[in-house]
Number of protein chains: 4
Amino acid sequence: MEFKDSKGIFQQIADNICEKIISGEYPVFSKIPSVREQAAVMGVNHNTIMRTYMELQRENIINNQRGIGYFVTEEAPQRIVQLRKEEFFRHEMPEFIRQVKLLNLSQEELKPLFDQLNKQP
Amino acid sequence: MEFKDSKGIFQQIADNICEKIISGEYPVFSKIPSVREQAAVMGVNHNTIMRTYMELQRENIINNQRGIGYFVTEEAPQRIVQLRKEEFFRHEMPEFIRQVKLLNLSQEELKPLFDQLNKQP
Amino acid sequence: MEFKDSKGIFQQIADNICEKIISGEYPVFSKIPSVREQAAVMGVNHNTIMRTYMELQRENIINNQRGIGYFVTEEAPQRIVQLRKEEFFRHEMPEFIRQVKLLNLSQEELKPLFDQLNKQP
Amino acid sequence: MEFKDSKGIFQQIADNICEKIISGEYPVFSKIPSVREQAAVMGVNHNTIMRTYMELQRENIINNQRGIGYFVTEEAPQRIVQLRKEEFFRHEMPEFIRQVKLLNLSQEELKPLFDQLNKQP
DNA sequence: GTGGTCTAGACCACC
DNA sequence: GTGGTCTAGACCACA
């Protein structure tokens, strides 16, 4: 996996796992890969994965059954979506709108955006 | 000026100056505040401003006339808009769309967004 | 290490590192000394080394693996030689020739130069 | 006139004048352009020219007849050539040789150099 | 342990 | 007055 410089690696991995949970790849109650396994897959130090898992555990997104592994909690998908929505409406959307206005983008240039947003729902 | 934690102060100042350039507050060819003057205004160390100015110079947004000061280049506004548009279409917009789809936002929730984007133009 | 006044210390250190790379002392993919270690060895402040490393990184001569250190890139030796050759043929050599002609040096005076240049190859 | 960043502007102007002297453009005993005139031609502040002339005067390359102007001294050409030759053999030539060896330039690549050096004398 | 950023203060050369 | 560089020391996030 490749990482950006702007955010911590552990953060990026946490986001990645969260997305796997809400997309259904890691279902509720399922066991996620062990620390060492995940570290190998991601190509990072296992301490980094350790930190990721601890943060996720602190937010009740996964929990630990000692000696067995980490499991997706029942409330995980709901919590993740809730946190992200808050973040989205508080920061990301306003900032996005600000950018569009600042760059003075034309309707023409924004068409692909509207097309995408109107697609499926 | 107040700063966020997520990005470096020197970066935020650079962004701020860029916005002053494209808004016309710092016109093309005009002299921008001296390093130490800017430092005083922004309430930061002069080294921090130095770094800001050097990064902007590397991007040909300002240039230096020795012993006199830094000046907005002729191509500055165009370059800034170009750089930001590239960034927008390459990363910000796709990421924004990805978020919207991932959170499975309803048309109802997106209404404020459309309203804002359709406002002025 | 001792430094000349004419060029910045950070520049001289950068040149020094480049020469260590093309001489093979710092092989491709190897880790170079950490910022603070290098600072101690060179007898300068760590900020100075930081600047050196960042300039070298911008030129793709070294890269950073977060929390681990700086590493010599695969393309480093080739890039360094290429950059220096360009500089040599574009500026140093013409300027050298210009000097020789301006000073109207005799063949006699230039003999040591020819001897040196014809030595090994 | 255009200036490099590496050396002071006043230095570059001094060098330029010295070259005009040894090339004969400014003959011995002749009057060189006035401070303000030179400043206009070079596109720099007259203080900068003032400093240039004072340095040249300090080295007995020009002298000042008050109210009339600056004149090339009799000994100027000889002094300039002497100073430059010293500099050449002490620093420039050894450094040049070092570069050539470091870049491991082939006889092929050096041919233009030899051609130029063997041309006229 | 690693890099990264910032501050405070000094000193220099140059215009 | 301008920029430019360096030092010393602090603090932080990350691996």
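Throughout, a chain's letter reflects where its sequence line sits, starting with A, and its residues are numbered from 1. The structure presented is a predicted model; accordingly, all values stated were derived computationally and were not measured.
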Exercise. To the nearest 0.5 Å, what is the distance between OG1 (B:T52) and CD (B:Q11)?
Worked result: 8.0 Å
Problem set entry | Rounded distance in Å - CZ (A:F3) to C1' (F:dC14) | 13 Å
For this session: Report the residue (D:K7 or C:Q57) whose heavy-atom-nearest nucleotide on DNA chain E is the more 5′ of the two.
Result: C:Q57
Problem set entry | Rounded distance in Å - CD (D:Q11) to C1' (E:dA13) | 12 Å
Seminar exercise, completed: When rounded to whole Å, the CG to C1' distance for the pair C:L56 and E:dG3 reads 15 Å
Problem set entry | Whole-Å distance separating the CZ atom of A:F10 from the C1' atom of F:dA15 | 11 Å
Seminar exercise, completed: Sorted by number, residues from residues 32-54 of chain C placing a heavy atom under 4.0 Å from DNA chain F are C:R36, C:V44, C:N45, C:H46, C:N47, C:T48, C:R51
Exercise. Can you list the stems that include DNA chain F, where a stem is three or more consecutive Watson-Crick or G-U pairs with distances under 3.5 Å?
Worked result: E:1-14 with F:1-14
Exercise. Going through the checks in order, is the side chain to side chain contact (heavy atoms under 4.5 Å, CB included) test met by A:Y26 and A:I62?
Worked result: CA-CA 11 Å; A:Y26 289 165; A:I62 59 177; over 6 Å; no
Exercise. Rounded to the Å, how far apart are D:I13 CD1 and E:dC14 C1'?
Worked result: 12 Å
Problem set entry | Within the 6.0 Å centroid threshold, strictly below: C:F3 and C:F10 | no
Problem set entry | Between CD on residue A:E75 and CD on residue A:Q78, distance to nearest 0.5 Å | 6.5 Å
Exercise. Roughly how many Å is it from CG in B:D5 to P in E:dC6, rounded to a whole number?
Worked result: 11 Å
Exercise. So does B:R66 get a side-chain nitrogen or oxygen closer than 4.0 Å to the phosphate oxygens (OP1/OP2) of F:dG3?
Worked result: no
For this session: Grab the CD1-P distance between B:I9 and F:dC11 for me, whole Å please.
Result: 16 Å
Problem set entry | Nearest-0.5 Å distance, OG of residue D:S30 to OH of residue D:Y70 | 15.0 Å
Exercise. If you measure from NE2 on D:H46 to CZ on D:R36, what distance do you get to the nearest 0.5 Å?
Worked result: 5.0 Å
Seminar exercise, completed: D:D15 and D:R84 have their tightest heavy-atom pair at O-NH2, 3.5 Å
Problem set entry | Sub-6.0 Å ring centroid separation between C:F88 and C:F96 | no
For this session: Rounded to the nearest angstrom, tell me the gap between atom CZ in B:F71 and atom P in F:dT2.
Result: 11 Å
Problem set entry | Heavy-atom pair with the smallest gap, counting every atom of A:G69 and A:N64 | O-OD1, 3.2 Å
Problem set entry | Nucleotide nearest C:N64 when distance is taken to its side chain, options E:dG4, F:dA15, F:dC6 | E:dG4
